[in-house]
2 protein chains.
Amino acid sequence: MEEYADIFRKYLDKQGLKFTQPRRYILDEVFQMHTHFNAEELYDRIRSKTNEISLATVYRTIPLLLEAGLVQRADRSEGRERYEHIFGHPKHIHWVCRNCGALLETDLNTLYPALAKQAKDLKFKPEDIELSVKGLCWKCNPNENENQSDEK
Amino acid sequence: MEEYADIFRKYLDKQGLKFTQPRRYILDEVFQMHTHFNAEELYDRIRSKTNEISLATVYRTIPLLLEAGLVQRADRSEGRERYEHIFGHPKHIHWVCRNCGALLETDLNTLYPALAKQAKDLKFKPEDIELSVKGLCWKCNPNENENQSDEK
DNA sequence: TACTATATTGAGAATCATTTACAATATGAT
DNA sequence: ATCATATTGTAAATGATTCTCAATATAGTA
Ligand SMILES: [Mn+2]
Ligand SMILES: [Mn+2]
Ligand SMILES: [Zn+2]
Ligand SMILES: [Zn+2]
């Protein structure tokens with residue numbers, strides 16, 4: 001049924017690994033969430049539904065999901081790695097407000113041509129792109145709410 | 001003399017902080033290195049020249065250098081934050097080979113127009129951009145050494 | 001130059017996210 | 001149903017970074 005489950009099962013098979021119950025719980029929860037998450041948040045959400053899971057297993061499973069191409073590293077905040085599933089969520093740009101923590105996401109496509117050209121010049125074969133922009137969001141940028149007024 | 005020392009001193013003054021000997025050692029070493037470094041590497045290098053330094057002070061000083069705009073976060077490898085000084089090294093793209101670890105750097109300028117447009121649409125005020133591309137470098141990409149041959 | 005109010009330092013303890021060891025258990029194939 | 005392995009939960013270990021605190025350095029002032 002779920003495409004992601006097939007992908008995971010195939011990946012596990014290929015590696016001689018087993019599609020266990022804890023791994024199912026983790027996989028399903030990852031795809032029910034539509035935000036960035038860290039290992040403990042993921043664990044807590046699953047834990048609220050079943051006890052058949054441990055934090056260690058969550059930590060052990062995340063690398064498998066990354067390898068399987070189902071999850072990608074999203075950012076790092078408060079000293080913890082955060083992830084997000086890939087599901088109609090191809091690579092995108094992250095815009096993070098340093099004031100309120102707001103997270104915006106935009107398309108990465110418009111940057112591909114310029115990146116591809118550089119890659120070609122370098123003879124570098126890109127596999128994974130991470131682009132994040134820190135700054136101030138609309139709400140947190142005082143100058144943006146009114147007109148322009150470049151105070152120092 | 002050194003421009004960066006003036007910048008640091010001014011930053012410290014403004015914050016009511018002092019330009020101490022350990023901070024001088026750290027600052028100088030940071031600008032004598034032309035690679036990415038983590039806190040302990042920086043500490044070891046200074047330690048090989050003098051004993052008047054501690055790892056704790058290195059950890060305490062890095063945030064000051066970041067705030068002063070003299071150093072920027074470069075990447076994270078092996079679970080450690082890595083930094084680099086800014087000195088004729090404006091923001092650039094990092095190309096990291098997942099096979100040999102080679103690190104290439106290219107200009108970020110060609111991407112600015114596209115980014116600026118998105119920023120404007122979002123009403124987001126960018127302050128810091130981090131762009132890294134993981135993949136295979138020239139030497140580690142078998143197909144690249146000969147002609148094109150898109151094997152699966 | 002001496003004095004003084006603070007900021008800073010080094011050492012080591014404390015944190016805390018992530019890993020790991022290990023004995024008990026689940027899985028998938030036969 | 002059996003069996004060889006992979007996996008799990010628990011608890012301990014690891015390791016980078018931060019913090020505590022008493023001793024010291026710094027920079028301004030007299
Ligand atoms: Mn995202
Ligand atoms: Mn760099
Ligand atoms: Zn904001
Ligand atoms: Zn390489």
Side-chain angles (χ1 to χ4, degrees), chain A residues 5-6 8-30 36-68 71 73-83, chain B residues 5-6 8-30 36-68 71 73-83:
Chain A
D6 282 340
F8 197 33
R9 171 174 275 120
K10 271 174 198 156
Y11 168 78
L12 292 172
D13 274 353
K14 196 180 307 170
Q15 308 291 315
L17 305 179
K18 295 168 179 175
F19 197 16
T20 63
Q21 196 57 57
R23 284 176 183 160
R24 282 168 218 254
Y25 287 133
I26 292 167
L27 180 69
D28 285 337
E29 192 60 45
V30 160
H36 294 185
F37 59 88
N38 63 39
E40 196 163 13
E41 286 165 358
L42 178 53
Y43 167 71
D44 286 341
R45 291 182 61 130
I46 300 171
R47 198 58 199 274
S48 74
K49 300 176 181 172
T50 175
N51 285 36
E52 302 169 29
I53 192 71
S54 76
L55 183 54
T57 296
V58 171
Y59 272 110
R60 281 188 286 234
T61 303
I62 288 173
L64 302 178
L65 294 170
L66 290 172
E67 259 301 303
V71 164
R73 176 173 291 104
D75 68 272
R76 184 182 182 82
S77 77
E78 294 149 28
R80 306 158 85 106
E81 294 287 350
R82 308 186 83 217
Y83 307 89
Chain B
D6 281 340
F8 197 32
R9 172 174 277 120
K10 271 175 199 157
Y11 167 77
L12 292 172
D13 273 353
K14 195 180 310 172
Q15 308 291 315
L17 305 179
K18 294 168 179 173
F19 196 17
T20 64
Q21 196 56 57
R23 285 177 181 158
R24 279 167 220 255
Y25 287 133
I26 293 167
L27 179 70
D28 285 337
E29 191 61 46
V30 159
H36 293 186
F37 61 86
N38 63 38
E40 196 162 12
E41 286 164 358
L42 177 53
Y43 167 71
D44 286 341
R45 291 182 62 128
I46 300 170
R47 198 58 199 273
S48 74
K49 300 176 182 172
T50 175
N51 285 36
E52 303 169 29
I53 192 71
S54 75
L55 184 53
T57 297
V58 171
Y59 272 110
R60 283 188 284 235
T61 303
I62 289 174
L64 301 180
L65 294 169
L66 290 172
E67 259 300 305
V71 164
R73 175 173 291 103
D75 68 273
R76 185 183 181 82
S77 77
E78 296 150 27
R80 304 158 86 106
E81 295 286 350
R82 308 187 83 217
Y83 307 88

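Quick note on labels: first sequence line is chain A, next is B, and so on, each numbered from 1.
Spacing between atom CD of B/Glu78 and atom C1' of D/dA16 amounts to 13 Å, rounded to whole angstrom units. Put simply, CZ on A/Phe19 is 19 Å from C1' on D/dT5, counting in whole angstrom units. Between A/Ile53 atom CD1 and C/dA26 atom P the separation is 14 Å, expressed in whole Å. Between the CG atom of B/Leu12 and the P atom of C/dT8 there is a distance of 8 Å, given to the nearest Å. At whole-Å resolution of the value, CZ in A/Arg76 and P in C/dC16 are 15 Å apart. What separates NZ of A/Lys14 from P of D/dA6 is a distance of 18 Å, to the nearest Å. Atom CD1 in B/Ile62 sits roughly 16 Å away from atom P in C/dT8 (whole-Å rounding). Atom pair B/Arg47:CZ and C/dA11:C1' shows a separation of 12 Å (rounding to whole Å applied).
Here C/dT27 is the nucleotide among D/dT8, D/dT10, C/dT27 with the atom lying nearest to any side-chain atom of A/Gln21. Distances were taken from every side-chain heavy atom of A/Lys18 (C-beta onward) to each of C/dG10, D/dA27, D/dA4; the shortest belongs to D/dA4. Ranking C/dA17, D/dT17, C/dA21 by closeness to the B/Tyr59 side chain, first place goes to D/dT17. Among C/dA17, C/dT8, D/dG9, the nucleotide with an atom closest to any side-chain atom of A/Arg80 is C/dA17. The side chain of B/Ala39 lies closest to D/dT17 when the candidates are C/dT18, D/dC19, D/dT17.
Salt bridge present: A/Glu40 and A/Arg80 bring a charged side-chain N and a carboxylate O closer than 4.0 Å.
Mapping B/Pro22 and B/Pro63 onto DNA chain D via the closest heavy atom, the residue that lands nearer the 5' end is B/Pro63. Heavy-atom nearest nucleotides on DNA chain C were determined for B/Tyr43 and for B/Gly16, and the one closer to the 5' end corresponds to B/Gly16.
In this structure, the separation between CD1 on B/Ile62 and CZ on B/Arg73 is 10.0 Å, given to the nearest 0.5 Å.
For D/dT7, the OP1/OP2 oxygens have no side-chain nitrogen or oxygen of A/Arg60 closer than 4.0 Å. Between B/Thr20 and D/dA25 there is no side-chain N or O to OP1 or OP2 distance below 4.0 Å. Here B/Arg23 reaches the OP1 or OP2 of C/dT9: one of its side-chain N or O atoms lies under 4.0 Å away.
Side chains of B/Lys10 and B/Asp13 form no contact here, defined as non-hydrogen atoms less than 4.5 Å apart. Side chains of A/Gln21 and A/Thr50 form no contact here, defined as non-hydrogen atoms less than 4.5 Å apart.
A donor-acceptor pair under 3.5 Å links the side-chain atoms of B/Arg23 to the main chain of B/Lys18, judged by distance alone.
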